[in-house]
Novice: 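Sharing a structure below in structure tokens format, with a few things to ask.
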Amino acid sequence: MTTQNLLVELFVEELPPKALKKLGEAFAETLLAGLQARGLTDSAAQVTAFASPRRLAAHITRVAARADDKSISQKLMPVAVGLGADGQPTAALLKKLASLGANASALPKLKREGDGKNAALFFDSVIAGATLVEGLQHTLEDTLAKLPIPKVMTYQLSDGWRSVNFVRPAHGLVALHGADVVPVSVLGLRAGRVTRGHRFEAAVDIITLRDADSYAAQLESEGAVIPSFEKRRTEIARQLQEAASKEGLKPIEDAALLDEVTALVERPNVLPGRFEETFLEVPQECLILTMKANQKYFPLLDGKGKLTNKFLLVSNIRPTDASAVIAGNERVVRPRLADAKFFFDQDRKTKLATRTHKLGNVVYHNKLGSQLQRVLRIEKLAGEIAQRLGANVAYAERAAHLCKADLVTDMVGEFPELQGIMGRYYALHDGEPREVADAIEAHYHPRYADDALPRDNVGAAVALADKLDTLVGIYGIGLVPTGDKDPFGLRRLALGVLRILFEKVLPLDVVHLLQLAKAQYASEVLTDSVAVDVHDFMLERLKNYLREQGYEFDEIDAVLAQRPARIDLVGQKLKAVQAFKKLPEAAALAAANKRIQNILKKTEAPQAAPDLALMQAQAERDLLAATTHLAPAVESLMQSGDYTDALCALAKVRAQVDSFFDDVMVMVDEPLLRNNRLALLNQLAGLMNRVADISRLAA
């Protein structure tokens, strides 16, 4: 079919910057999918997304003016229902044909397929392909309905009596197929070829687009707009690096900030700014946060990562003399930095230790008490964990006692993102040991995927105590994450606990820790099974984490099937399973183990040891001898933590296992023989699954 490229643009008032990138991608991808579904373009079509503060647009290649007609064969009904004994059509068949726009004249064209009772009548017809006008109309309506709009606005159209819903009021619609306008309409707008450029710097007020392919070039040359989000983002990043290099500095790296600034400007112009050096007395995290969050500036760091008194701003205009723009931004940022300095100075007048009691007035959760009660639980739990790790118990308990005190400071009240960070600064100012101060900040770590872990075991103890208390408390009152809803961040907290235990290789039993955390609450507050439930919840998170580390599903399944409580040993067991899988005997032993598991599931295996005197076949005597000989060696290897050798040692019983299943019938009628053979299999299964459930490796 003959095709041309298609351009669709929706011109709107300023879109929410944090949502723009996702809106632009969804607009383009959904348009393409809708046109493909209607046969107006094919799988070779390419889509280019455009998104700027005042527009969403998509350029799609290989779009037809009309989709090809489509031949279909539709099953009508069984022959016995559609035709009478005399071979004439029944009323049901005629009614069905009429519903399809056909009549009795189509009867000779009906096809029969199948034989006997399965014979059915089929009707072949041709469905006319959709025109681009109707196809794009439906696709555009579907696309707008599916956009991931964070908050919908209702606004009145220019006729004064109709209202529509969209993310922001829309003022223009462009739909060009090649050079031709596609007459579609949406949100009270009819499509044309006219758009607008930059509010202040466009060469012309109205831009008349020549065709679909000239869109980006005309907007840049006539409208002073870079419509591509990615191109604009790349240009901002380039200018940031160039401007920072001139100062011998580097801009702070923040992908989210770069995305947000890209969504705020149409014609980016990076300019330098500075503030008084006296503000550098304030912790740099405070200054960086206020510049990024409130002003969307990029602070500049020196070679050691220390904040300087210089920053970069991204302007939306390019005046010949930018001094007024720079001066205005420097004037605006000064009060923000002054506020941060004021909060810092005021907070240091009161010691952290004297703030802890104020947490009694802060509700943590109405079923779990105040923040002070929470702190007391964390303090006790952190001490017990520190003792098990051989860390300084007094430091861990002190850090836990102070860890939430900065929540009632002015700085954290203004910038909640600084909790923990400010606690560390204030603790150092108060003369607390550095280990205590560091643990106050570290107890929030890891805050997100790939975030740093606590550096020492004091910090690890407080971090684990904080996360375990929340997990057990929130889960234990029934607030379990469902689907994509996890308002208390329990998945993140579970992953944090797992990462600390796994990556720092801490010799702690997580089930015991969960039981300790539960014990801090009154018996009637939490569900009785909360420790087991949270352990299961954590193991599910561990599966995903290990997959991201590159382990195969069957390897993870084999190790986690045993519901390990020692997360620090999981890595060694996974490596043992990987080594075992490479053995030539692995597949046969895994299959045999699976067979054993299936047999044992169907009956209650005796707990007694197998009796040699009851063994009739040489194969079962050989298997008993092999397992009896191997068991002490495997146990010794397990005790020394040599899981790889322990698992690989199983290769020595491959021949005896094969012979047993070739020569011995387990489920015989005689109960003594049957139970003895089940006992032997039970003993073998225990030996084979000491490290992992290798039956999970069977194909």
Side-chain angles (χ1 to χ4, degrees), residues 388-390 446 449-455 457 460 464 494-513 535-594 596-597 626-627 630-654 657 684-699:
R388 285 167 171 75
L389 292 176
D450 300 325
D451 189 22
L453 301 179
R455 288 188 295 273
N457 283 349
L464 288 170
L495 182 58
V497 172
L498 293 168
R499 280 193 61 203
I500 292 172
L501 296 175
F502 183 88
E503 296 177 26
K504 292 183 71 67
V505 197
L506 299 183
L508 298 170
D509 184 315
V510 71
V511 175
H512 183 58
L513 295 183
H535 183 221
D536 289 340
F537 175 72
M538 293 177 71
L539 291 179
E540 286 300 312
R541 308 282 76 71
L542 184 57
K543 287 181 183 178
N544 299 331
Y545 170 74
L546 294 173
R547 285 289 289 159
E548 292 172 358
Q549 302 304 305
Y551 293 102
E552 297 296 329
F553 177 80
D554 61 343
E555 298 162 359
I556 298 169
D557 196 31
V559 173
L560 298 195
Q562 297 184 329
R563 303 184 72 253
R566 286 284 301 275
I567 307 303
D568 58 308
L569 302 180
V570 167
Q572 298 175 50
K573 292 184 176 182
L574 283 166
K575 288 181 172 59
V577 170
Q578 288 178 327
F580 174 77
K581 282 174 63 177
K582 296 176 182 178
L583 298 177
E585 298 87 354
L589 286 170
N593 196 352
K594 187 173 183 179
I596 293 169
Q597 302 268 26
T627 55
L630 189 60
V634 171
E635 183 61 31
S636 176
L637 291 169
M638 288 292 297
Q639 292 296 328
S640 62
D642 195 344
Y643 302 121
T644 299
D645 285 350
L647 198 51
C648 291
L650 296 176
K652 297 176 182 178
V653 298
R654 158 75 188 278
V657 171
L684 176 61
L687 181 65
M688 296 176 81
N689 297 324
R690 287 284 280 126
V691 176
D693 182 355
I694 64 170
S695 71
R696 306 298 178 103
L697 304 177

Novice: Kindly determine whether Leu546 and Val570 satisfy side-chain contact (heavy atoms from CB on, under 4.5 Å), including the steps that lead there.
Specialist: CA-CA 10 Å; Leu546 294 173; Val570 167; 4.0 Å; yes
Novice: Side chains of Leu513 and Val497: closer than 4.5 Å at any heavy-atom pair?
Specialist: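 They are not in side-chain contact.
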Novice: Please find the pair of heavy atoms, one from Asn457 and one from Lys504, that lie closest to each other, and give the distance.
Specialist: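 Looks like OD1-CE, 4.2 Å.
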Novice: Please determine whether the number of non-hydrogen atoms from other residues, nucleotides or ligands lying under 6.0 Å from atom CZ of Arg563 exceeds 12.
Specialist: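 Above 12, so yes.
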Novice: Do Asn689 and Gln597 have side-chain heavy atoms sitting under 4.5 Å apart?
Specialist: yes
Novice: Report the residues that fulfil ring pair (Phe, Tyr, Trp, His ring centres under 6.0 Å) with Tyr551, sequence neighbours left out, ordered by chain and then residue number.
Specialist: none
Novice: For a 4.5 angstrom cut-off between non-hydrogen side-chain atoms, does Leu539 reach Pro564?
Specialist: yes
Novice: At what distance, to the nearest 0.5 angstrom, does CG of Leu569 lie from CZ of Phe502?
Specialist: 10.5 Å
Novice: Is the closest side-chain heavy-atom distance between Glu635 and Arg690 below 4.5 Å?
Specialist: yes
Novice: Roughly how far, to the nearest 0.5 Å, is the CZ atom of Arg547 from the CD atom of Glu555?
Specialist: 9.0 Å
Novice: Distance from Gln572 atom CD to Arg566 atom CZ, nearest 0.5 Å?
Specialist: 9.0 Å
Novice: Could you give me the CA-CA distance, side-chain angles and deciding distance for Leu508 and Asp568, then say whether side-chain contact (heavy atoms from CB on, under 4.5 Å) is met?
Specialist: CA-CA 8 Å; Leu508 298 170; Asp568 58 308; over 6 Å; no
Novice: Roughly how far, to the nearest 0.5 Å, is CD1 of Ile694 from CE of Met688?
Specialist: 3.5 Å
Novice: Between Leu506 and Leu501, does the side-chain contact (heavy atoms from CB on, under 4.5 Å) criterion hold? Intermediate values first, please.
Specialist: CA-CA 5 Å; Leu506 299 183; Leu501 296 175; 4.1 Å; yes
Novice: What distance do Lys543 atom NZ and Leu498 atom CG have between them, rounded to the nearest 0.5 Å?
Specialist: 13.0 Å
Novice: Decide yes or no on side-chain contact (heavy atoms from CB on, under 4.5 Å) for Val691 and Phe580, but give the supporting numbers first.
Specialist: CA-CA 11 Å; Val691 176; Phe580 174 77; over 6 Å; no
Novice: Find out whether Met538 and Ile567 are in side-chain contact, i.e. whether some heavy atom of one side chain is under 4.5 Å from a heavy atom of the other.
Specialist: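 Met538 does not reach Ile567 side chain to side chain.
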Novice: Does Asp557 have any side-chain contact (heavy atoms from CB on, under 4.5 Å) partners at least two apart in sequence or in another chain, and if so, which?
Specialist: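 For Asp557, the residues satisfying side-chain contact (heavy atoms from CB on, under 4.5 Å) (neighbours in sequence not counted) are Phe553, Arg696.
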Novice: Is it true that a side-chain atom of Lys581 and a backbone atom of Leu697 form a donor plus acceptor pair closer than 3.5 Å?
Specialist: no
Novice: Quick one: are Asn593 and Asp693 in side-chain contact, heavy atoms under 4.5 Å?
Specialist: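 Sidechains of Asp693 and Asn593: in contact.
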Novice: Provide the closest heavy-atom pair for Gly496 versus Pro446 in the form atom of the first, atom of the second, distance.
Specialist: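 Shortest heavy-atom contact: CA-CG, 3.7 Å.
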Novice: Can you see which heavy atom on Pro454 is nearest to which on Ala460, and at what distance?
Specialist: CB-N, 3.5 Å
Novice: Please table the atom pairs, donor to acceptor, closer than 3.5 Å between any side-chain atom in residues 640-653 and protein atoms at least two apart or in another chain.
Specialist:
{"residue": "Ser640", "atom": "OG", "partner": "Ser636", "partner atom": "O", "Å": "3.3"}
{"residue": "Ser640", "atom": "OG", "partner": "Leu637", "partner atom": "O", "Å": "3.0"}
{"residue": "Asp642", "atom": "OD1", "partner": "Asp645", "partner atom": "N", "Å": "3.4"}

Novice: Check whether any side-chain N or O of Arg499 sits under 3.5 Å from a backbone N or O of Tyr545 as a donor-acceptor pair, and report yes or no.
Specialist: no
